[in-house]
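Take a look at the structure below.
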Number of protein chains: 2
Amino acid sequence: MTFNLDEFLPYRLNIAATLISRRFAALHQDESGLSIPEWRVMAHLANEGAVSVRDIHKRVNLDKSIVSRAASRLEGAGLLRKSAHKGDRRLISLELTTEGRRLMQRLGRIADAFQAEIRAELGKDAAGFEAGLDRLIARSASGGQP
Amino acid sequence: MTFNLDEFLPYRLNIAATLISRRFAALHQDESGLSIPEWRVMAHLANEGAVSVRDIHKRVNLDKSIVSRAASRLEGAGLLRKSAHKGDRRLISLELTTEGRRLMQRLGRIADAFQAEIRAELGKDAAGFEAGLDRLIARSASGGQP
DNA sequence: TTGACATCATTGCACCTGCAACGATATGTT
DNA sequence: AACATATCGTTGCAGGTGCAATGATGTCAA
């Protein structure tokens with residue numbers, strides 16, 4: 001039996017992702033109270049303006065049910081606004097309110113600072129690490145190893 | 001607004017971990033039917049022999065309630081055995097059955113092959129990627145940036 | 001126009017997770 | 001010995017997640 005869990009890449013990847021998420025959550029939680037899905041929805045809206053649930057679902061890797069519920073909570077918190085999409089009444093337009101935009105400006109700064117901190121910790125391995133990350137995502141997203 | 005979610009490291013890390021976990025699950029699911037917690041418990045037992053719930057909880061980053069429930073399911077499936085710990089009756093000794101050991105031999109081979117596949121995909125970035133991963137885990141586990 | 005089929009957002013449901021009790025047992029102090 | 005405190009495994013419970021309906025709307029072809 002040569003296999004060792006501590007050296008297993010999927011395991012280490014999972015641990016690292018969990019720890020980094022916790023660290024980031026600890027940084028912005030007090031200020032925002034956002035969960036991870038809510039954070040992703042807000043971050044996407046901050047970049048893209050008015051989009052549908054389906055757009056977010058596809059772009060930020062969240063099940064559409066999760067996007068839907070997150071949007072409802074965020075609407076209740078006054079951070080985004082839902083409106084009917086002109087032309088296609090199946091769609092819903094989501095966009096940030098002024099308050100939502102203001103929050104995302106602060107969170108954007110926190111996020112940038114945190115990313116800089118991580119890159120500093122990575123030091124000379126930063127470039128290789130990020131290149132590997134992107135390669136894994138690209139290879140895995142397309143369904144395997146084509 | 002300069003922030004972009006797609007370039008945000010915690011986000012990319014989370015996506016990569018999820019995708020890799022899915023790929024690995026797809027490989028061994030048919031053969032084993034194990035969930036991620038069950039897989040971790042089994043993998044640890046395969047290396048360590050008889051250990052307690054608390055040991056696993058600390059070593060493989062799972063809440064003790066999750067370890068406890070996973071162990072019960074695995075016991076029901078005939079893959080591990082619970083027995084009283086001599087000397088300290090609060091503890092429970094967990095160890096693989098013959099069937100469990102046999103399963104882990106097959107899964108160990110699958111895991112090793114999968115890891116080789118990932119390293120091949122990473123190519124020249126493999127070393128930097130893994131070094132970065134370990135560094136992030138080490139820095140984050142110790143509570144921050146000491 | 002009608003009808004078959006696709007797409008969108010929401011909801012229901014079963015499962016998993018994280019956290020906080022809880023009872024049982026150990027340890028340490030007096 | 002007796003008590004306070006700590007540790008172990010289990011369980012209850014609230015909340016989150018993934019998946020499969022569901023109903024509303026859109027598209028396309030005959």
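Protein chains get the first letters and strands the later ones, always in sequence-line order, with residue 1 at the start of each.
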Q) Would you call Leu96(B) and Leu79(B) a side-chain contact if the rule is heavy atoms closer than 4.5 Å? A) no

**Q.** Note: Arg12(A)-Glu130(B) ion pair, threshold 4.0 Å (strictly below)
**A.** yes

Q: Please state whether the phosphate of dC16(C), meaning OP1 or OP2, lies under 4.0 angstrom from any side-chain nitrogen or oxygen of Arg69(B).
A: no

Q.
Taking any atom closer than 4.0 angstrom to a non-hydrogen atom of chain A, what span of DNA chain D does the protein reach, first nucleotide to last?
A. dT17(D) to dG26(D)

Q: Check every strand shown and say whether Ser35(A) touches a base, only sugar-phosphate, or nothing at a heavy-atom separation below 4.0 Å.
A: nothing

(Q) Tell me whether Leu91(B) shares a hydrophobic cluster with Val67(B), the cluster being built from Ile, Leu, Val, Met, Phe, Trp, Tyr side chains joined at under 4.5 Å. (A) no

(Q) Applying salt bridge (Lys or Arg N to Asp or Glu O under 4.0 Å), can you list everything that pairs with Arg81(A), at least two apart in sequence or on another chain? (A) none

Q: Tell me whether the OP1 or OP2 atom of dA9(C) has a side-chain N or O from Arg90(A) closer than 4.0 Å.
A: no

Q: Compare side-chain N and O positions of Ser65(B) against OP1 and OP2 of dC19(C) and report whether any pair is under 4.0 Å apart.
A: no

Q: May I ask you to evaluate whether Ser68(A) reaches the phosphate of dT10(C), defined as a side-chain N or O under 4.0 Å from OP1 or OP2?
A: yes

(Q) A side-chain contact here means heavy atoms from C-beta on lying under 4.5 Å apart; do Ser21(B) and Ile36(B) qualify? (A) yes

**Q.** Glu31(A)/Arg106(A) salt bridge by N-O under 4.0 Å criterion
**A.** yes

